There are 2 protein chains.
Amino acid sequence: MNRLPVAERREQLIEAALAVASRDGIDAATVRAVAAEAGVSLGVVHYCFQDKDELLRAMAHAITSANLERSMGELPPDVGVAAVIDGTIDALWDGIKESRGAQLLSYELTTSSLRHPELNQVAIEQYRGQWAAAEQVLRGVEQAAGVTFSVPLETLARTVVAVVDGYSLAWLVDGDEAKAREGMHGFGRFLLSTTVANPRDGLEQLLDTGDEALPA
Amino acid sequence: MNRLPVAERREQLIEAALAVASRDGIDAATVRAVAAEAGVSLGVVHYCFQDKDELLRAMAHAITSANLERSMGELPPDVGVAAVIDGTIDALWDGIKESRGAQLLSYELTTSSLRHPELNQVAIEQYRGQWAAAEQVLRGVEQAAGVTFSVPLETLARTVVAVVDGYSLAWLVDGDEAKAREGMHGFGRFLLSTTVANPRDGLEQLLDTGDEALPA
DNA sequence: GTCTATAGTTGGATAGAC
DNA sequence: GTCTATCCAACTATAGAC
């Protein structure tokens, strides 16, 4: 019906694909279903995208971009190391649990990418994005709490992603929010144990302690 | 060609399904492909299984059963806490990395189960099995090294599964064995920090230390 | 028990009218 | 740019011969 420039049409279709795939799974995101969701006819999709794979790739790219932007915006307030870590974990976890479908889709995309050569780059881009985002978050924690992690941020970021992935997957399976949150906060205490206070005014010493938070 | 009792035929078909799905992905495990892999014709599969879902459920069940049995057999030798933990992690990791396809299939099964009502129970059985297996392994570590974990085994088992899942997924994506192994051993040191020595001969004290291994 | 043949669906992709 | 109509491939499932 409506005549739109191709770029806008693509945006609309990507959003429709995201809606269908989040709600009904990646296999349900057929070209037909996406067209129906967007309220256009089959031909339109093939006009905007060369084939189904290009649509899926575009959808995946949209997800990772959104994730990255989201992680950039979150600068935690400075209220002591432990609180900063806990608050960051809570924010992260809230974001996950309020979008079950999207979270599940993320794993479906990863496995699909690992099986199908046409989606080759999707998984690695996904994870490069998540590792970068996690590193950014950790850097934010360092700055907000005035501490330094005694483990390289890159290594720590990988661990964060792995742990969040693992607990998220378990939560998707058994739906136990309490256990997931408990586990993540347990990991938070481990993170805390890898922090050392910054020698800000030349007062504190660099010691690898697992001590409680110190006021900033 | 060959006339086999139904039970054996089912075993054979399950094995064929496992082979196809591990090699080419869960979507490639069509009834046709499984029949071809097993060297029988299409009708035979439908004679042995009511429908495709029953075949997939049987396949999933075979996987979790195998996982459970495998974890039962591994009793680590007693060579000090740290070495026992490291050895257990190495054994676990070796098992994972030498079966990339099966590991990936495991995640595909989980996500499929979470999307399709017909496979409803598959994911939760999968994880109940893994949690039980992890708990068993932790119990084995306790016995072999003469220590006790200061965290409930059930909680710790969940964490083990989450961490292993997370690192495995990352490894599937980027193929970096070194980083995966490094991360898992880092987690091993965390595990070590939650152990307390048993008061075996009334000599040791119960202390929540992160000390090195003590000779048994 | 095992095979071939076929019915019935679904989905990707294209052609061509408007 | 958008729509309808259509082709073609792949799949599940069943019927019926052997």
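Below, chains carry the letters A, B, ... as their sequence lines are ordered, and counting in each starts from 1. Just so it is clear, the model here is predicted, and its values are computed rather than measured.
Computed from coordinates, the B:E8 CD to C:dT2 P distance equals 10 Å when rounded to whole Å. One atom, CG of A:D27, and another, P of C:dT9, lie 21 Å apart when rounded to the nearest Å. Here the C1' atom of nucleotide C:dT2 and the CD atom of B:Q12 are 12 Å apart, to the nearest Å. Per the geometry, NZ belonging to A:K52 stands 15 Å off P belonging to D:dA10, to the nearest Å. In this structure, B:D51 atom CG and D:dC11 atom P are separated by 17 Å, rounded to whole Å. When rounded to the nearest whole Å, the span between CZ of A:R10 and P of D:dT2 equals 14 Å. Atom CD in A:E118 sits about 10 Å away from atom P in C:dA13, given to the nearest Å. Taking atom CG of A:D53 as the reference point, atom C1' of C:dA13 lies 12 Å away to the nearest angstrom.
Ion pairing of B:E108 with A:R115 is present here, as a side-chain N (NZ or NE/NH1/NH2) and a carboxylate O approach within less than 4.0 Å. A salt bridge is absent between B:E154 and B:R158; no separation between the charged side-chain nitrogens and carboxylate oxygens falls under 4.0 Å. A salt bridge does not link B:R3 to B:E8: none of the charged side-chain nitrogens sits closer than 4.0 Å to a carboxylate oxygen.
For B:H46, no side-chain nitrogen or oxygen approaches OP1 or OP2 of D:dT14 to under 4.0 Å. Contact annotation: A:R9 side-chain N/O to D:dT2 OP1/OP2 distance is under 4.0 Å.
Mapped onto DNA chain D by nearest heavy atom, B:A29 and A:G43 fall at different nucleotides, with A:G43 at the one closer to the 5' end. Checking B:V6 against B:L42, the closest nucleotide of DNA chain C that is more toward the 5' end is the one next to B:V6. Heavy-atom nearest nucleotides on DNA chain D were determined for A:V44 and for B:A28, and the one closer to the 5' end corresponds to A:V44.
Closest to the side chain of A:R3, out of D:dG1, C:dG1, C:dA13, is D:dG1. If you check C:dA13, D:dG1, D:dC11 against the side chain of A:Y47, the one that comes closest is D:dG1.
Between the side chain of A:R57 and the main chain of A:E118, a donor-acceptor pair closer than 3.5 Å is present.
Here A:S41 lies in heavy-atom contact (under 4.0 Å) with a base.
Of the candidates B:T155, B:V196, B:V141, B:V141 is the only one forming a side chain to side chain contact (heavy atoms under 4.5 Å, CB included) with B:F149.
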